[in-house]
Novice: 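Take this structure first; my questions come after.
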Number of protein chains: 2
Amino acid sequence: MGIELKSIKSPADIKGHSLEELSALAGDIRVALLEKLSRKGGHVGPNLGFVEATIALHYVFNSPADKIIFDVSHQCYTHKILTGRVAAFIDPEHYNDASGYTNPDESTHDFFKVGHTSTSISLASGLAHARDLQDGHENIIAVIGDGSLSGGEAFEGLDNAGELGSNFIVVVNDNDMSIAENHGGIYDNLRSLRESGGTYPDNYFRTLGFDYLYVGAGNDIGALIKAFESVKDIDHPIVVHINTEKGHGYSAAVANKEKWHWESPFDVATATVFADEVKAPSYADITARLLLDEMVADPRIVAVNAATPGLMGFTPERRMQAGRRFIDVGIAEEQAAGMSSGLAKGGMRPFWGVCSTFVQRAYDQISQDIAINNTPVVIGVINAGFRGLTDVTHLCWFDIPLLSNIPDIVMLAPASAAEYVAMAKWALQQTDYPVVIRIPAIVSDIDIPVSDDYNDLNTFRQISSGSKVAILAVGLMLTPAMKAAEILRSQGMEPTVINPRFVSGIDAEMLSALEADHQAVVTVEDGILDGGFGQKIAAFYSDRPMLVKCLGLHKKFLDRYNPDTLAAECKLTPEGIVDTVNTMWR
Amino acid sequence: MGIELKSIKSPADIKGHSLEELSALAGDIRVALLEKLSRKGGHVGPNLGFVEATIALHYVFNSPADKIIFDVSHQCYTHKILTGRVAAFIDPEHYNDASGYTNPDESTHDFFKVGHTSTSISLASGLAHARDLQDGHENIIAVIGDGSLSGGEAFEGLDNAGELGSNFIVVVNDNDMSIAENHGGIYDNLRSLRESGGTYPDNYFRTLGFDYLYVGAGNDIGALIKAFESVKDIDHPIVVHINTEKGHGYSAAVANKEKWHWESPFDVATATVFADEVKAPSYADITARLLLDEMVADPRIVAVNAATPGLMGFTPERRMQAGRRFIDVGIAEEQAAGMSSGLAKGGMRPFWGVCSTFVQRAYDQISQDIAINNTPVVIGVINAGFRGLTDVTHLCWFDIPLLSNIPDIVMLAPASAAEYVAMAKWALQQTDYPVVIRIPAIVSDIDIPVSDDYNDLNTFRQISSGSKVAILAVGLMLTPAMKAAEILRSQGMEPTVINPRFVSGIDAEMLSALEADHQAVVTVEDGILDGGFGQKIAAFYSDRPMLVKCLGLHKKFLDRYNPDTLAAECKLTPEGIVDTVNTMWR
């Protein structure tokens with residue numbers, strides 16, 4: 001009797017079934033995944049490639065007694081289906097019940113909320129040490145994609161776990177791809193291992209203390225079950241290296257693996273992505289055009305990226321166009337930072353584009369390799385603010401406290417696309433400072449005067465001059481601030497509106513001058529208040545009569561929030577700013 | 001004719017000399033190093049082991065056209081001697097002219113200020129890319145110790161550089177030691193390579209794309225010159241793996257490599273360390289005793305460390321005593337954080353002790369692996385403040401902005417040893433929060449009431465109750481604050497003194513209550529003001545009449561500063577606090 005997808009409650013429901021029934025289940029899961037992904041968008045390629053391996057893992061191991069830790073969770077959808085969350089994949093009304101990442105709040109089969117790469121082995125090694133210290137005997141299994149192996153934490157985890165004298169299983173899901181193509185010497189080694197059926201003499205995993213098993217047929221449930229059964233309850237660390245196909249079973253995703261790593265909604269039959277049809281202006285596109293233009297004009301310009309070229313607009317065609325002057329280091333933000341510092345020291349002008357949520361992976365390198373050495377690296381912090389990514393593991397609100405408080409870093413927040421371009425050009429031409437530019441997730445249609453020159457550090461700019469109240473709004477927040485000022489003018493007030501431009505310092509002269517005819521200042525930022533820009537303003541006025549109110553995000557983790565709701569709650573809207581001003585005057 | 005040590009101006013002065021003359025020079029350098037180290041303290045073992053290799057490097061390569069990048073710089077003293085800075089090693093009056101780390105301000109032969117480990121390959125890879133993009137042909141040489149290889153950035157650097165199709169030379173200085181013994185699977189591989197004369201079939205460096213050359217006689221100038229000559233101007237990446245002896249030529253340092261990694265002043269003839277004779281109470285000792293006691297009482301307690309066991313008082317004897325419940329992960333802070341989260345999830349109670357300057361290497365892991373997962377890891381941030389390490393690469397003032405602004409982290413600042421012990425015990429017994437405890441560099445003799453229970457988050461404690469002015473002093477700063485209050489009382493004032501205890505949140509109730517009979521608040525912290533504790537207080541009162549003045553460190557990098565001078569400049573002294581209070585009232 002076959003396995004009915006919709007009645008799967010737990011992994012027990014797939015045990016004891018025949019290979020044919022498991023294969024049929026894999027087919028049903030793939031159809032369900034495509035149906036949901038085509039409606040909601042999500043990680044298409046990684047999940048399609050890992051259907052069979054997930055079935056085999058749950059067939060062989062006894063989750064949650066045996067613990068499976070997924071890296072970055074881009075391949076966890078089938079795991080969710082098999083562990084009580086099938087409704088979230090087959091019932092559109094329940095699509096939102098499951099997040100795109102593993103989540104212990106959803107199921108006892110999930111152990112960590114994970115969304116950044118390269119963490120699974122470290123996390124699992126802790127579970128293994130805990131098991132050993134409590135004389136437990138369960139299997140600890142870390143699942144990691146080949147792309148994640150280039151991250152330093154994955155190496156540190158392997159290196160440490162290689163010393164465990166006890167059960168530890170790392171499943172390396174090798175589909176020969178990161179989001180884009182892989183970068184790093186290790187990928188030649190993985191290729192040699194694949195091509196030799198696992199017998200190549202230099203074996204990365206063995207050099208770190210692991211035993212090793214290769215499974216070429218990574219989408220063959222029978223071969224995978226056999227492999228997992230052979231390592232179950234093993235008494236030492238082993239890597240099971242399986243060769244899967246990214247996008248397996250969906251020809252469009254197999255044919256263009258980078259495009260289909262993550263996709264927005266699409267038509268399954270024709271593989272037409274709906275969003276492809278209309279394209280709003282994006283900072284990714286602006287960044288790539290800007291850098292390619294600058295490269296023509298200036299042979300020193302180099303674009304640097306850590307495995308997310310699309311975020312800075314570098315499509316495969318544009319990467320080809322840039323040639324050696326686009327360097328993708330793989331998922332390795334520490335290397336991106338350190339190497340950029342070396343590039344700058346060597347006379348080049350690197351622009352490293354990195355998502356706000358990932359820049360935090362290289363704090364020490366930005367502080368030590370770049371800031372202390374004062375190398376003129378330009379860091380474009382992409383998707384900054386709350387309008388971009390909304391998963392708890394991908395929040396982009398922490399970059400101001402993180403980076404603006406490092407000495408000698410100049411941190412800029414452009415309020416419009418034109419200002420961004422001007423700041424980036426200036427940053428690439430000067431050689432005095434490391435510069436961080438906070439690039440918003442969306443392009444505002446705001447029209448403001450833009451300066452070409454930012455050498456006069458920490459000088460704010462008045463957008464409109466008034467009295468009583470001044471509104472200082474950072475970056476994208478200048479848009480609602482200017483709308484708030486219009487409303488206030490219609491109410492008979494004449495607020496001053498200021499574009500600070502710099503978030504790493506304050507314009508003491510302008511702030512002092514405001515005291516002549518202003519009694520209140522409102523700061524507005526799309527980052528957390530704690531440690532942020534507004535608190536610097538509050539501290540400046542703290543022993544003076546000026547009243548200050550700081551608007552921004554509160555220090556808490558949110559998961560899959562609605563950006564508009566959040567903006568309203570935090571008063572980061574024209575109405576919220578107007579309310580705040582009015583409250584200060586009542 | 002021999003080489004006169006004191007007349008060496010540049011590497012040109014050693015070229016063309018015979019092996020005998022170079023060996024004699026090595027002997028002279030070793031005598032000079034021991035003389036200076038015995039008077040000033042410093043990195044004894046690593047420098048003594050790398051004398052011959054440095055001579056050989058400068059004999060073969062043409063620095064600074066050829067660029068040598070030292071990892072962590074613990075082995076750079078001979079390099080400094082050979083590159084125009086010999087006076088700093090033979091003339092006591094000039095001992096302070098050279099820092100303990102490479103520094104481009106000192107010499108064109110130094111390319112980066114480096115003090116954190118595992119960065120050399122990343123930095124050098126940037127120089128190599130810059131050379132290639134400018135069609136240069138110089139040799140780029142990264143020098144890295146075996147201990148530094150366990151850090152993620154070193155892996156990311158090797159992995160990326162392994163793809164360079166051009167000259168790149170990594171000298172692995174393998175003395176089979178980190179500060180303490182090495183930890184990680186990679187060290188078995190290095191041992192196998194050493195024992196097989198470099199022929200062991202699984203070769204870590206080859207798996208990342210490097211060519212490989214082994215030199216067993218790592219303290220033999222002739223063998224090293226031959227090896228370096230054979231790789232000079234090579235057209236692809238190669239690792240030259242040399243086996244050196246840590247402490248070479250000084251028997252005490254060879255016999256006890258961990259003790260002599262870094263030593264304070266000592267008598268060369270008897271190897272008697274002067275500071276060993278008197279021991280002030282230290283937080284390292286308090287921490288180790290506390291954890292060993294707790295381990296007896298509670299089988300869940302585990303001590304975690306990343307290659308600096310001495311900082312948490314875990315001598316070799318105490319490590320033995322703790323057995324499997326002391327886990328040293330090697331230089332791998334990301335792994336320490338991720339593994340600790342896994343340990344906590346697995347039911348253990350990990351205490352990870354980490355120096356303030358190194359905790360910043362794991363920001364992303366603390367945020368993602370720990371805070372988002374709310375795993376009850378205890379992180380002891382060691383040496384926090386400005387009283388400990390004074391080199392620019394080892395400043396310990398940034399942890400409050402860095403960690404206190406991560407949601408769901410409870411960050412505590414003990415003001416006395418007794419309060420530290422109480423906080424640590426509480427942190428280890430509760431399971432609701434990740435807790436960071438900010439451990440000062442020195443133990444204060446302050447006597448304050450101490451609570452056993454910190455469940456009531458963000459509750460400040462009044463040490464003395466007064467009126468008009470309240471002084472909120474964080475951690476070690478409570479000591480000068482209490483002395484300032486005494487002085488103020490002698491001047492007829494009655495200040496309120498508050499021990500905030502928590503730096504990750506504010507006690508809104510107490511702060512509001514102060515408004516009844518206080519007009520001014522002074523905050524005092526031994527961290528930078530930007531993004532720190534005081535700014536949270538300033539922001540709280542920003543739209544209220546209370547005057548607030550924040551005392552703390554300014555956002556700038558300082559190198560080898562005098563802590564007392566800095567304290568006076570920043571008014572972090574009893575007199576400075578008194579001045580501040582008086583200024584607010586004048």
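Reminder, nothing fancy here: chain letters follow the sequence lines and each chain counts from 1.
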Novice: Which answer fits A371(B), side chain, backbone, both or neither, if we ask what part of it has an atom under 4.5 Å from a heavy atom of chain A?
Specialist: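 Looking at A371(B), backbone and side chain both touch chain A.
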
Novice: When you compare the side chain of H129(A) with that of V302(B), does any pair of heavy atoms fall below 4.5 Å?
Specialist: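 With C-beta onward as the side chain, the pair stays apart.
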
Novice: Please find the pair of heavy atoms, one from P401(A) and one from N405(B), that lie closest to each other, and give the distance.
Specialist: CB-ND2, 4.2 Å

Novice: Identify which part of I528(A) has an atom lying under 4.5 Å from any heavy atom of chain B, answering side chain, backbone, both or neither.
Specialist: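 For I528(A), side-chain heavy atoms alone lie under 4.5 Å from chain B.
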
Novice: Please check: side-chain N/O of Q535(B) versus main-chain N/O of A538(A), any donor-acceptor pairing under 3.5 Å?
Specialist: no

Novice: Report yes or no: does N160(A) contribute a side-chain atom to a donor-acceptor pair with the main-chain N or O of G184(B) at less than 3.5 Å?
Specialist: no

Novice: Check whether R324(A) gets within reach of chain B through its side chain, its backbone, both or neither, counting any heavy atom under 4.5 Å.
Specialist: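 Interface part for R324(A): both.
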
Novice: With chain B, which of S125(A), G115(A), P299(A), A154(A) has the greatest number of heavy-atom pairs at distances under 4.5 Å?
Specialist: S125(A)

Novice: Measure the spacing between OG1 of T580(B) and CG of D543(A) and express it to the nearest 0.5 Å.
Specialist: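 Answer for the OG1-CG pair, T580(B) versus D543(A), is 10.5 Å.
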
Novice: With a 4.5 Å cut-off on heavy-atom pairs, point out which of Q360(A), R131(A), R325(A) contacts chain B the most.
Specialist: Q360(A)

Novice: With rounding to the nearest 0.5 angstrom, report the CD to CG distance, Q335(A) to L158(B).
Specialist: 9.0 Å

Novice: When only pairs under 4.5 Å are counted, which of A362(B), A161(B), P201(B), G162(B) shares the most heavy-atom pairs with chain A?
Specialist: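 Option with the top pair count is P201(B).
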
Novice: Is there side-chain contact between L208(A) and Y204(B), with heavy atoms separated by less than 4.5 Å?
Specialist: yes

Novice: Which bit of P104(B) is near chain A, if near means a heavy-atom gap under 4.5 Å: side chain, backbone, both or neither?
Specialist: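 Just the side chain, heavy atoms under 4.5 Å.
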
Novice: Among the options I372(B), L127(B), L547(B), pick out the one with the most heavy-atom pairs lying under 4.5 Å from chain A.
Specialist: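 Ranked by heavy-atom pairs under 4.5 Å with chain A, first place is I372(B).
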
Novice: Contact part of T393(B) toward chain A, heavy-atom cut-off under 4.5 Å: side chain, backbone, both or neither?
Specialist: both

Novice: Please classify the contact of S192(B) with chain A as side chain, backbone, both or neither, using a heavy-atom distance under 4.5 Å.
Specialist: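 S192(B) has no heavy atom closer than 4.5 Å to chain A.
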
Novice: Looking at side-chain heavy atoms only, is the closest gap between R300(B) and Q134(A) below 4.5 Å?
Specialist: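 With C-beta onward as the side chain, the pair stays apart.
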
Novice: Look at G126(B), G152(B), C550(B) and state which one has the largest set of heavy-atom pairs under 4.5 Å with chain A.
Specialist: G126(B)

Novice: Write out all pairs satisfying salt bridge (charged side-chain N to carboxylate O under 4.0 Å, His left out) with one or both partners inside residues 336-348 of chain B, taking only residues at least two apart or from two chains.
Specialist: none

Novice: Please list, chain by chain and in numerical order, all residues satisfying side chain to side chain contact (heavy atoms under 4.5 Å, CB included) with T117(A), sequence neighbours excluded.
Specialist: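 Here the qualifying residues are D71(A), V72(A), S148(A), I331(A), R361(A).
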
Novice: Tell me, out of H116(A), K549(A), M348(A), who's got the most heavy-atom pairs with chain B below 4.5 Å.
Specialist: H116(A)

Novice: About how many Å separate OG1 of T207(A) and CD1 of I186(B), when rounded to the nearest 0.5 Å?
Specialist: 6.5 Å

Novice: Can you tell me how the ring of F155(B) sits relative to the ring of F155(A), calling it parallel under 30°, perpendicular over 60° and tilted otherwise?
Specialist: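 The arrangement is parallel - the two ring planes meet at less than 30°.
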
Novice: Measuring from atom NE2 of H183(B) to atom CG of D159(A), what distance do you get when rounded to the nearest 0.5 angstrom?
Specialist: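 These two atoms lie 11.0 Å from each other.
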
Novice: Most heavy-atom pairs under 4.5 angstrom with chain B, which of D188(A), V392(A), L529(A)?
Specialist: V392(A)

Novice: In terms of heavy-atom proximity below 4.5 Å to chain A, should D132(B) be classed as side chain, backbone, both, or neither?
Specialist: both

Novice: Return the option, out of Y541(B), F540(B), F111(B), with the maximum number of heavy-atom pairs under 4.5 Å with chain A.
Specialist: F111(B)

Novice: Within this structure, what is the CD-CD distance for the pair E333(A) and E156(B), rounded to the nearest 0.5 Å?
Specialist: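 Spacing of CD (E333(A)) from CD (E156(B)) equals 7.0 Å.
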
Novice: Within this structure, what is the CD1-NZ distance for the pair I406(A) and K555(B), rounded to the nearest 0.5 Å?
Specialist: 9.0 Å

Novice: For L402(B), which atoms come within 4.5 Å of any heavy atom of chain A: side chain, backbone, both, or neither?
Specialist: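 The answer is the side chain of L402(B).
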
Novice: Among the options G338(A), P237(A), G534(A), G209(A), pick out the one with the most heavy-atom pairs lying under 4.5 Å from chain B.
Specialist: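 Winner by heavy-atom pair count: G338(A).
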
Novice: Which one of A124(B), A332(B), A337(B) has the most heavy-atom pairs closer than 4.5 Å to chain A?
Specialist: A332(B)

Novice: Any chance you could lay out the side chain to side chain contact (heavy atoms under 4.5 Å, CB included) test for S341(A) and F112(B), step after step, and finish with the verdict?
Specialist: CA-CA 9 Å; S341(A) 184; F112(B) 298 97; 3.8 Å; yes

Novice: Are Q365(A) and T119(B) side-chain neighbours, meaning at least one heavy-atom pair lies under 4.5 Å?
Specialist: no

Novice: E153(B) versus D369(A): any side-chain heavy-atom pair under 4.5 Å?
Specialist: yes

Novice: Considering only heavy atoms, which portion of S120(B) lies under 4.5 Å from any heavy atom of chain A: side chain, backbone, both, or neither?
Specialist: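 Answer is neither: S120(B) stays 4.5 Å or more from chain A.
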
Novice: With a 4.5 angstrom heavy-atom cut-off, is it the side chain or the backbone of N373(B) that approaches chain A, or both, or neither?
Specialist: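 N373(B) touches chain A through side-chain heavy atoms alone.
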
Novice: Which one, R206(A), K536(A), K556(A), leads in non-hydrogen pairs under 4.5 Å with chain B?
Specialist: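 Most heavy-atom pairs within the cutoff with chain B belong to K536(A).
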
Novice: Take T357(B) and Q368(A) through the side chain to side chain contact (heavy atoms under 4.5 Å, CB included) test and state the conclusion after the steps.
Specialist: CA-CA 10 Å; T357(B) 189; Q368(A) 297 270 323; 4.3 Å; yes

Novice: Is L133(B) close to chain A through its backbone or its side chain, or both, or neither, when contacts mean heavy atoms under 4.5 Å?
Specialist: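 Answer is both: backbone and side chain atoms of L133(B) are under 4.5 Å from chain A.
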
Novice: Between G151(B), P407(B), G342(B), S118(B), which has the largest tally of heavy atom pairs under 4.5 Å with chain A?
Specialist: P407(B)

